[in-house]
Amino acid sequence: MSAPTRSDVLIVGGGLMGTTTAFFLRRYYGLSVTLLERELVGRQASGTNFGNVRRQGRDLDQLPLANRARAVWGRIKELLGEDLEFVPYGHLRVCYTEAQAAVLEQHAQAVKPLGLDLELFTAEGLRRRWGIFSDGVVAGSLSPVDGHANPRLAGPAFARAAEREGARIVEHAEVLHIEQEGGDFLAYAADGKVYRAPQLLIATGAWSKRLAESFGEPVPLEARAPTMGVTEPLPYAVGPSIGLSSPIETEGLYFRQIDRGNIVFGGGLKSIADPVNIRAYVKPDNTLRQLRELRRFVPGFAHAQLIRVWSGIEGYTADWKPVMGPSARVSGLHYAFGFNGEGFAISPGVGEVMAELLATGRTSTPIEPFSIGRFAGA
Amino acid sequence: MSAPSAPRVVVVGAGPAGVRAAQALVEAGLRPVVIDEGRRDGGQIYRRQPEGFTRGYAKLYGSEAPKAEALHRDFDALRGKVDYRSETLAWNLTPGELHTVRAGEPQVLPFDALLVCSGATDRLAPVNGWHRAGCYSLGAAQIALKAQACAIGSKVVFLGSGPLLYLVAAQYVQAGAQVAAVLDTAPARPPLAALAGLLARPRLALRGLQLIRQLRRAGVALRKGVRPLEILGSDEHGVAGVSVFDAHGDVQRFDCDAVGLGWHLRAETQLADLARCEFAFEPTSRQWLPRLDEDGRSSTPGVYLAGDGARILGADGAEAAGRLAALAALSDLGHAPGRALYQSQHADLRRTLATMDRFRRGLALAFPWPQAQFAGLPDQAVVCRCEAVTAGELRRCVDQTGSREVNRAKAFSRVGMGRCQGRYCGHAAAEIIAHACRLPVEDVGRLRAQAPVKPLPMDTREVLS
């Protein structure tokens with residue numbers, strides 16, 4: 001079977017940013033799309049992250065994008081035919097100090113005009129509503145309609161849906177380099193195949209530096225590995241996704257309970273990323289520190305058992321803002337990477353916006369702060 | 001106490017391989033650390049009964065009593081010369097460091113050489129209804145008897161294949177339990193290649209035949225060439241019987257209130273996985289095993305594997321492999337006394353292991369993994385008992401999501417994602433997935449292990465530095 005190698009849009013990278021963009025390009029605009037993925041779609045940061053569908057606690061300039069993403073999450077079953085285990089049971093942030101409580105309160109005021117209503121809780125209010133926290137927890141802030149979903153399912157489900165809509169998803173296609181010729185981008189894959197298109201999206205997560213650099217746009221991007229874990233199943237008791245808000249990195253923690261009963265958790269110090277070999281390793285002392293912090297946070301966790309840890313590779317930028325939007329140098333070239341460990345929640349919004357940009361040349365969602373041009377001459 | 005420059009060697013496991021490894025290290029003048037999950041040494045096969053129990057060796061270990069007694073006696077003699085840590089879990093492994101936990105107290109043990117003698121567990125194939133209360137593995141049925149002098153039920157059926165099937169049944173009969181039937185999925189006539197292998201250890205082969213005679217004399221129904229149909233019963237009352245197709249294709253039913261299941265053994269390879277050892281598919285037994293050289297060196301420098309945790313050679317093979325791997329480790333470390341022992345003994349030990357390996361192949365051919373059984377497993381049969389994932393769900397996962405690899409299927413279906421982390425369902429799941437996507441089983445890969453090696457209590461404290 002000989003398939004045409006030219007399409008309207010070529011996407012390099014089959015993580016969530018690439019697969020959601022491919023899906024919306026087909027669904028809303030009918031453009032022909034080819035997506036090239038080095039191994040299997042939806043792995044690394046997209047498949048191994050925590051699964052937060054969270055808007056609070058973000059930079060304010062991400063709120064319009066996060067709101068747009070949340071609207072897509074609400075329609076996920078209708079769009080994909082499966083729900084990705086998304087549950088809008090709320091996202092709760094709590095803290096240990098009065099100073100941090102003031103930060104939560106300030107944040108609640110700041111996001112209100114941006115369309116996010118947060119409900120503030122005292123220690124007593126938290127105790128009455130959830131009753132699981134230790135006495136050290138003094139205040140909280142709930143975003144009632146956010147929640148969590150299953151990242152292992154999301155990327156592959158968007159890729160399958162994109163395929164059903166007519167996108168061409170090619171796995172095990174590693175792009176070695178990209179050239180420009182007669183208004184087209186030519187992507188040369190390791191197996192000798194060549195793919196071409198007048199528009200190109202680079203969405204290769206922590207590995208995006210090399211391709212961006214090849215177009216004269218270097219980005220300070222670093223690979224990091226989150227420390228993740230999951231307990232045995234426990235009786236279902238906790239609806240919202242819960243995070244600890246703290247300026248102290250070692251006490252950072254977030255957890256959620258899935259329908260099956262297991263507690264999925266992460267946070268604190270990063271583990272070991274080996275982007276060259278596409279491997280990430282959890283550091284045992286990070287895991288033991290997380291257990292200490294989990295007990296401090298919710299004393300009942302002391303009686304459970306940890307059954308698995310894992311990690312993946314995420315891209316972090318120097319200024320903790322993503323790289324998203326058109327190239328500042330090359331016409332037809334676009335980027336979506338460097339989401340700093342908080343890309344999962346906003347990924348369907350990123351896909352919608354990137355599809356809109358690629359198809360129409362503009363977007364109604366403000367993304368200027370994320371332009372790659374900010375690093376030019378740096 | 002060994003000299004400060006002595007190499008730091010850690011042995012994981014105090015079964016036949018671990019004890020003989022530790023003994024060789026002590027002979028060479030070292031004081032190794034020996035980590036073991038059990039309360040007492042001996043491993044699974046030579047498990048020691050709890051203090052206060054008074055059964056004699058002959059009663060506990062039958063024909064293997066002298067070997068069990070020798071192993072226990074030799075380890076007792078080592079006690080002052082090794083740093084023995086019982087009831088200790090090696091929960092994680094990073095380059096050059098073993099991470100252990102005992103009663104909530106973690107410890108990091110740096111090593112120059114690590115000898116992993118982690119043993120094996122039962123290898124299980126799902127049977128429709130095997131999730132019902134009253135189903136045990138053969139190993140668990142044996143442990144109940146050995147450690148606690150308990151039977152798993154008042155009327156027991158043993159179903160599966162392999163030498164353990166007959167051994168446990170005979171031990172139950174001897175202990176006075178009622179054994180309703182022994183149902184073997186292996187064909188009545190083993191292939192000629194199997195016989196050739198079994199003759200590598202004629203005495204052991206003969207002992208197998210004696211067990212069968214003993215069972216027959218006791219009036220136990222013995223069937224070969226069966227195909228399991230169902231473990232009958234209800235979710236409320238548990239197991240009520242077993243139904244199988246016999247070798248003629250007729251349905252036979254045996255009433256019972258407990259079932260012991262097992263198809264020989266599978267190696268416990270989580271530590272080898274965490275050590276980043278390379279694995280290779282072993283076609284005779286259809287399982288993935290760490291790559292080893294003939295002395296027990298893995299692909300990771302400094303990590304040595306011995307015993308049933310690496311190759312299912314049985315207890316005698318484990319004793320030889322443990323000693324050889326320990327001496328090879330010392331030789332590699334440039335430890336002079338160890339190297340001298342290695343040079344004088346490795347040829348004999350290798351020869352012993354080669355004989356054991358011929359026998360292993362013979363057993364694997366005579367009591368094959370029932371690979372043909374998986375295609376016919378009904379959709380409603382549970383495959384992963386921890387997560388209650390059925391054969392039908394796995395097949396749907398292949399059909400609807402195109403998963404052609406076991407870790408992918410795990411991500412989508414939760415198979416192997418529970419407390420046992422796929423140690424008991426992983427082989428069967430791979431067979432079902434391979435059959436559903438019409439691939440050879442080796443092409444769908446193997447479930448990768450992650451820490452912890454076994455569930456880690458969350459009251460485990462931090463390591464004090």
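Reminder, nothing fancy here: chain letters follow the sequence lines and each chain counts from 1.
If you take OH on A/Y281 and CG on B/L274, they are separated by 10.5 Å, rounding to the nearest 0.5 Å. Between the CZ atom in A/R308 and the CD atom in B/Q450 there is a gap of 7.5 Å [rounded to 0.5 Å]. Here the CG atom belonging to B/L456 is positioned 8.5 Å from the OG1 atom belonging to A/T287, to the nearest 0.5 angstrom. Atom CH2 of B/W91 sits about 4.5 Å away from atom CG of A/L288, to the nearest 0.5 Å. Distance check: B/T460 OG1 to A/L306 CG gives 8.5 Å after rounding to the nearest 0.5 Å.
For A/R292, the part sitting under 4.5 Å from any heavy atom of chain B is the side chain, from C-beta outward, and nothing else. Only the backbone of B/C386 comes within contact range of chain A, with heavy atoms under 4.5 Å apart. Of the atoms belonging to B/R448, it is side-chain heavy atoms, and not backbone ones, that fall under 4.5 Å from chain A. If you measure heavy-atom distances from A/E82 to chain B, you find no contacts under 4.5 Å at all. Contacts between B/T94 and chain A at a heavy-atom distance below 4.5 Å involve the side chain alone, from C-beta outward. Neither the backbone nor the side chain of B/E97 comes within less than 4.5 Å of any heavy atom of chain A.
Crowding of A/R279 atom CZ: a count of heavy atoms from other residues, nucleotides or ligands under 6.0 Å not exceeding 12. By the 6.0 Å contact criterion, CZ on B/R404 is open, its count of non-hydrogen atoms from other residues, nucleotides or ligands being 12 or less. By the 6.0 Å contact criterion, OH on A/Y89 is open, its count of non-hydrogen atoms from other residues, nucleotides or ligands being 12 or less.
Using a 4.5 Å heavy-atom cut-off against chain A, no residue of residues 130-137 of chain B qualifies as contacting. For residues 248-274 of chain A, a heavy-atom distance under 4.5 Å to chain B picks out A/I258, A/R260, A/N262, given by residue number.
Minimum heavy-atom separation, A/P284 to B/N92: CG-ND2, 3.4 Å. Between B/P455 and A/Q305, the shortest heavy-atom contact is CB-OE1, 3.5 Å.
Among A/K283, A/Q290, A/E232, A/R295, the residue making the largest number of heavy-atom pairs under 4.5 Å with chain B is A/R295. Options B/H99, B/E405, B/R408 differ in how many heavy-atom pairs under 4.5 Å they form with chain A, and the most are formed by B/R408.
The side-chain heavy atoms of B/R419 and A/P233, taken from C-beta on, include a pair separated by under 4.5 Å. At least one side-chain heavy atom of A/R152 sits less than 4.5 Å from a side-chain heavy atom of B/R414.
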Go through the steps for B/M458 and A/L294 under the test side chain to side chain contact (heavy atoms under 4.5 Å, CB included), then give the verdict. CA-CA 9 Å; B/M458 286 178 59; A/L294 280 164; 3.7 Å; yes
Does the pair B/E462 and A/D285 meet the rule for a side chain to side chain contact (heavy atoms under 4.5 Å, CB included), with working shown? CA-CA 7 Å; B/E462 277 187 284; A/D285 53 338; over 6 Å; no
